[in-house]
Trainee: 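One structure coming up, written as structure tokens, with questions to follow.
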Amino acid sequence: MSWQGFIDKGLLEGGIVREAAIFGIEGGIWAQSAGCNISEDEQRAIVDGLNDPPLREIRVGGRQYRCAMSSLDLILGSKLTSAAEGRESTTRGVIPGGCIIKKTNRAVIAAEYPSKSSEMDVLTGVEQLGNYFVMKGY
């Protein structure tokens, strides 16, 4: 399967992930969904944060997330409210939806999900894809 196939069929097809990307730990997008634009600076910040946890906040595709959990290979992010988005805040400035980021040997998988999706369902899908990459040497 191509890198784009992992995005389209592995993450987006079920409808629980809104946007996703795979990029190298040395930088450079390998594949991404339409509308997913993770800048080079964001890629570096994500990899740096994974190499030196814990993180408090992370930016993915221009959207800011509070890190509910971060480790050497995983970030769970909750979306922070933004007045520019015109959304009402919920408890402590966090709105539903978020991001899950998984680092493998040579790649990073970033998946953003909407409020209708279960964090655990997204986490399971991202972890399975990440484990497959590790098994294949990526």
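Atom set for the values below is all heavy atoms of this structure, side chains included, hydrogens, waters and symmetry mates excluded. Residues: numbered from 1 along the sequence shown.
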Trainee: Could you report the tightest heavy-atom contact between L55 and S70, atom names first, then the distance?
Mentor: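 Nearest pair, atom of L55 first, then S70: N-OG, 2.8 Å.
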
Trainee: About how many Å separate OG of S2 and CG of D8, when rounded to the nearest 0.5 Å?
Mentor: 7.5 Å

Trainee: Heavy-atom distance under 4.5 Å between the side chains of L11 and I109, does that happen here?
Mentor: yes

Trainee: Work out which heavy atom in K9 is nearest to a heavy atom in E13; give both atom names and the distance.
Mentor: O-CB, 3.6 Å

Trainee: Do M69 and L123 share a hydrophobic cluster, counting only Ile, Leu, Val, Met, Phe, Trp and Tyr and linking them when any side-chain heavy atoms are less than 4.5 Å apart?
Mentor: yes

Trainee: Does V60 reach the side chain of E112, with side-chain heavy atoms less than 4.5 Å apart?
Mentor: yes

Trainee: SG/C99 to CZ/R59 distance, rounded to the nearest 0.5 angstrom?
Mentor: 11.5 Å

Trainee: Could you see if I38 belongs to whatever hydrophobic cluster contains I25? Use Ile, Leu, Val, Met, Phe, Trp, Tyr and a side-chain cutoff under 4.5 Å.
Mentor: yes

Trainee: I want to check something: taking the side chain as every heavy atom from C-beta on, are F133 and I22 in contact at a cut-off of under 4.5 Å?
Mentor: yes

Trainee: Using side chain to side chain contact (heavy atoms under 4.5 Å, CB included) as the criterion, point out the one residue from V122, I100, V126, I101 that pairs with L76.
Mentor: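 Exactly one pass, corresponding to I100.
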
Trainee: Is D73 close to K102 at the side-chain level, that is, under 4.5 Å between some pair of heavy atoms?
Mentor: yes

Trainee: Please confirm whether Y138 and Y132 have ring centers closer than 6.0 angstrom.
Mentor: no

Trainee: Do any N or O atoms from the side chain of Q4 and from the backbone of Q32 form a donor-acceptor pair under 3.5 angstrom?
Mentor: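 Confirmed, Q4 side chain pairs with Q32 backbone.
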
Trainee: Salt bridge check, E19 against R63: does any charged N sit closer than 4.0 Å to a carboxylate O?
Mentor: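 The answer is yes: the pair qualifies as a salt bridge.
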
Trainee: Are V108 and V134 joined in one hydrophobic group, where the rule is that I, L, V, M, F, W and Y side chains link up if heavy atoms are under 4.5 Å apart?
Mentor: no

Trainee: Not counting sequence neighbours, list each pair that qualifies as a ring-ring contact (aromatic ring centres under 6.0 Å, His included) and has a residue in residues 10-51.
Mentor: W3-W30

Trainee: Treating S78 as the side-chain partner and G98 as the backbone partner, does any N or O pair qualify as donor plus acceptor under 3.5 Å?
Mentor: no

Trainee: With heavy-atom distances below 4.5 Å as the criterion, would you say the side chains of P53 and L72 are in contact?
Mentor: yes

Trainee: Look only at the side chain of Q64 and the backbone of K79, and say whether a donor-acceptor pair between them is shorter than 3.5 Å.
Mentor: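 No; zero donor-acceptor contacts below 3.5 Å.
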
Trainee: Tell me, with the steps shown, if K103 and N51 meet side-chain contact (heavy atoms from CB on, under 4.5 Å).
Mentor: CA-CA 10 Å; K103 183 174 89 170; N51 289 334; 2.7 Å; yes

Trainee: For a 4.5 angstrom cut-off between non-hydrogen side-chain atoms, does T124 reach Q128?
Mentor: yes

Trainee: Rounded to the nearest 0.5 Å, how far does CG of L12 lie from CD1 of I7?
Mentor: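 Separation between the atoms: 6.5 Å.
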
Trainee: If we only count heavy atoms from C-beta on, is the E127 to L74 side-chain gap below 4.5 Å?
Mentor: yes

Trainee: Report yes if some heavy atom in the side chain of Q43 is under 4.5 Å from a heavy atom in the side chain of I46; otherwise report no.
Mentor: no

Trainee: For residues 58-79, which residue pairs qualify under ring-ring contact (aromatic ring centres under 6.0 Å, His included), counting only residues two or more places apart or in two chains?
Mentor: none

